[in-house]
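Presented below is the structure to which this report refers.
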Amino acid sequence: MSSDVLHGLLTTTLAASAMILLLHVLRAPLRRWLGAGAAYASWLCVPAAAAAVLLPAREVPMEWGAIGAVLLPTRAAAAATAPSLALMWEAFLLAIWLGGMAAMAAWLWMQQRRFVRGLGKLRRRTDGLWMAETSRGLPAAVGLFRTRVVVPADYESRYLARERTLIACHEQLHVRRGDLFANACVAALRCVYWFNPLLHLAARRFRIDQELACDEDVIRRHPDARRAYGEAMLKGQLDIGPVPLACHWPAPHPLRERITMLGKKLPSARRRALATLLVAALATAAGYGAWAAQPAQRPAIAQDGLYHVALQVSVEGATRAFEIREHPGKAFAVSGATDAGGTWKGVFRIEPTGVGQARVFTEIEIAGKAAGKPELVVELGKPSGIRLGGEDGTTPLAIELTITRDSAMASPPARDIAPANGFDRRVDHSKLAPPRYPASRHEGKVMMLLDIGTDGRVTRVALDRSSGFADLDQAAMTAARGWYIEPAIEAGRAVASTIRVPVEFSLDEPRADTQQDGYASEGSMRNEPGRELR
């Protein structure tokens, strides 16, 4: 989990930083050719690029060269140390990031709270504006959900009537354009990416472009008021820093830039439409470029049916065999114990990589500690091996496996069949001897595949899905080999069939119909209806 968060932070930071540097070059030409509104809207490219890298990467075919055995000449204890150290570093970095995010959020909140409290008691005016008891940082639009345009205490004496009209228009445009919500998003990004100095620089440039775009809209609505608008700017001075959730009339950047813009010709409607298309294309290109820059992933090859896995696990000279059927991409586990009391466990996942090949992902534990995560590519139908050896040349664990496509299982999922007599064929579990409950007291569910001959005897037992415990799997399979099950009947004749039978081991209070003498009294074995396969 922590590694995913850190990886996401790294990739989005790189994508956003690259876009910020690009906009640092493009914003001036955009403002000059298409207007201040285009430069302000172009900042949408930054979150677009960051969000794009969180999408799944493109998939391209990959070739695997190594086929066969994987050797791990390291001790189990040493193999477990590296992942633990990596996890410690990940947790440490994650804690630093969370601490920095909390500190940045607290700092911005204090800025906002200090500004709001400094306004004093607000008094509503007849024109809908709110008058403060102070003049610092005002006029300004404040708040997200209860937005108010607040004017200074000397509003009437400082500004002329025409200037007051232009100032009110400016602040109300901030509210209608959603600039306060945009500022809130920027504040949130500064909290998440507090470690990125480029983002803090971009936040300041963003506020400059925001004010210039708003100035442009005011002049578009009042084209004959450029002089009065400039004089109103000269009367306002921002003697505090920009507040995260406010839009100030005395903007936090050089006044000369705003005055200079008043003398420029406004972009025509055609140029504004062109600016909209250009910004949309730039945001799309930024998102696609960031997404395409990600390392390609190997596609999952969709194939029907199951894999049949024949496993032989050798530990300290003792060998145990397993047969498992599982869908591609789904994990299954086997485990066991040695004569000396040691334990081992293996978790496997098989992914198709191409015609006639599959890739095997494994996680091996010995004595409860991670021993390694070997990966190998195998050729279907050919044996391959995984060996974990110590530095002294010993082999505490060896796995030989052969993987084939189970053509018998490539048909649709198992279902109850309806013979000619119109009744579903179900297995009568009351006549089957339940397995002996192992002394380990493990709990789990074993799914077996049983081949039933024409005489009703079980001719083959295969593990369809492991419980995760070797003793439960072996107990269920051993019991199944002695079962007699009524054969399937077709056209009045007994025919061979394959059924899937689940067996659940549970330590709940046993039921009267399943408890038998000679079996563990503290546990019970529950059977569900078996299902015949075509």
Side-chain angles (χ1 to χ4, degrees), residues 27-28 30-44 124-131 137-144 146-152 155-156 158-184 205-238 242 245-280:
R27 56 192 287 269
L30 283 174
R31 189 192 307 158
R32 185 168 57 252
W33 298 332
L34 301 176
Y40 178 48
S42 66
W43 289 105
L44 288 171
R124 187 177 179 86
R125 292 163 46 94
T126 56
D127 56 3
L129 306 181
W130 294 79
M131 181 169 288
L138 298 177
V142 183
L144 286 179
R146 294 183 59 190
T147 306
R148 297 176 177 180
V149 175
V150 184
V151 296
Y155 186 56
E156 296 287 345
R158 186 194 304 184
Y159 299 102
L160 301 177
R162 184 69 182 275
E163 296 170 352
R164 292 196 296 270
T165 300
L166 296 173
I167 291 173
C169 177
H170 178 97
E171 298 302 332
Q172 289 166 356
L173 278 175
H174 274 309
V175 176
R176 288 200 293 266
R177 287 155 45 101
D179 290 342
L180 289 164
F181 286 95
N183 292 345
R205 298 290 186 268
F206 173 83
R207 296 292 287 266
I208 293 174
D209 289 339
Q210 182 182 86
E211 291 298 329
L212 292 174
C214 193
D215 290 342
E216 188 177 79
D217 279 351
V218 173
I219 296 303
R220 184 175 294 110
R221 286 165 171 78
H222 302 273
D224 57 343
R226 294 175 185 258
R227 181 180 180 84
Y229 197 70
E231 291 175 349
M233 288 182 186
L234 294 173
K235 295 179 180 180
Q237 293 182 354
L238 184 66
L245 303 183
C247 294
H248 304 273
W249 165 252
H253 63 280
L255 185 60
R256 180 179 177 181
E257 195 170 5
R258 295 181 71 185
I259 298 295
T260 302
M261 195 209 69
L262 296 179
K264 295 182 179 179
K265 183 180 179 181
L266 294 176
S268 62
R270 180 176 297 180
R271 284 201 176 189
R272 294 201 303 272
L274 177 61
T276 302
L277 294 176
L278 182 61
V279 170

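- From Cys247, atom SG reaches atom CD of Gln172 across 13.0 Å, with rounding to the nearest 0.5 Å.
- Leu180 approaches Ala246 most closely through the heavy-atom pair CD2-CA, 3.8 Å.
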* Worked verdict on Arg177 versus Asp217 for side chain to side chain contact (heavy atoms under 4.5 Å, CB included) -> CA-CA 10 Å; Arg177 287 155 45 101; Asp217 279 351; 2.7 Å; yes
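- With rounding to the nearest 0.5 angstrom, the CG atom of Leu212 is 5.0 Å from the CZ atom of Arg31.
- The side-chain contact (heavy atoms from CB on, under 4.5 Å) test applied to Ala228 returns Arg162, Leu166, not counting sequence neighbours.
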Contacts under 3.5 angstrom, residues 259-279 side chains, donor-acceptor by atom type, not counting sequence neighbours:
residue, atom, partner, partner atom, Å
Thr260, OG1, Arg256, O, 2.7
Ser268, OG, Arg271, N, 3.3
Arg271, NH1, Trp33, O, 2.8
Arg272, NH1, Pro267, O, 3.2
Thr276, OG1, Arg272, O, 3.1

| said: Working note: Arg227 + Glu231, criterion salt bridge (charged side-chain N to carboxylate O under 4.0 Å, His left out); need CA distance, chi angles, decisive distance, verdict. | reply: CA-CA 6 Å; Arg227 181 180 180 84; Glu231 291 175 349; 3.3 Å; yes
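- Using a 4.5 Å heavy-atom threshold, the side chains of Leu173 and Arg176 count as touching.
- Glu216 contributes a side-chain N or O that, together with a main-chain N or O of Ala36, makes up a donor-acceptor pair within less than 3.5 Å.
- Proximity of a side-chain donor or acceptor of Tyr155 to a complementary backbone N or O of Pro139 within less than 3.5 Å is not detected.
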Please evaluate residues Arg148 and Val142 with respect to the criterion side chain to side chain contact (heavy atoms under 4.5 Å, CB included), reporting the C-alpha separation (whole Å), side-chain torsions for both, the decisive distance (0.1 Å), and the verdict.
CA-CA 5 Å; Arg148 297 176 177 180; Val142 183; 5.5 Å; no
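- The line from SG of Cys169 to NE2 of His222 is 4.0 Å long, rounded to the nearest 0.5 Å.
- Looking only at distances, a side-chain donor or acceptor of Lys235 sits under 3.5 Å from a matching main-chain atom of Arg158.
- Judged by distance alone, the side chain of Arg164 and the main-chain N or O of Tyr159 form a donor-acceptor pair under 3.5 Å.
- Atoms CD1 and OH, from Ile208 and Tyr40 in turn, are 13.0 Å apart once rounded to the nearest 0.5 Å.
- Between Trp43 and Phe206, the ring planes lie perpendicular to each other; the angle is over 60°, past the 30° to 60° tilted range.
- Atom-to-atom distance recorded for Leu129:CG and Glu171:CD is 9.5 Å, nearest 0.5 angstrom.
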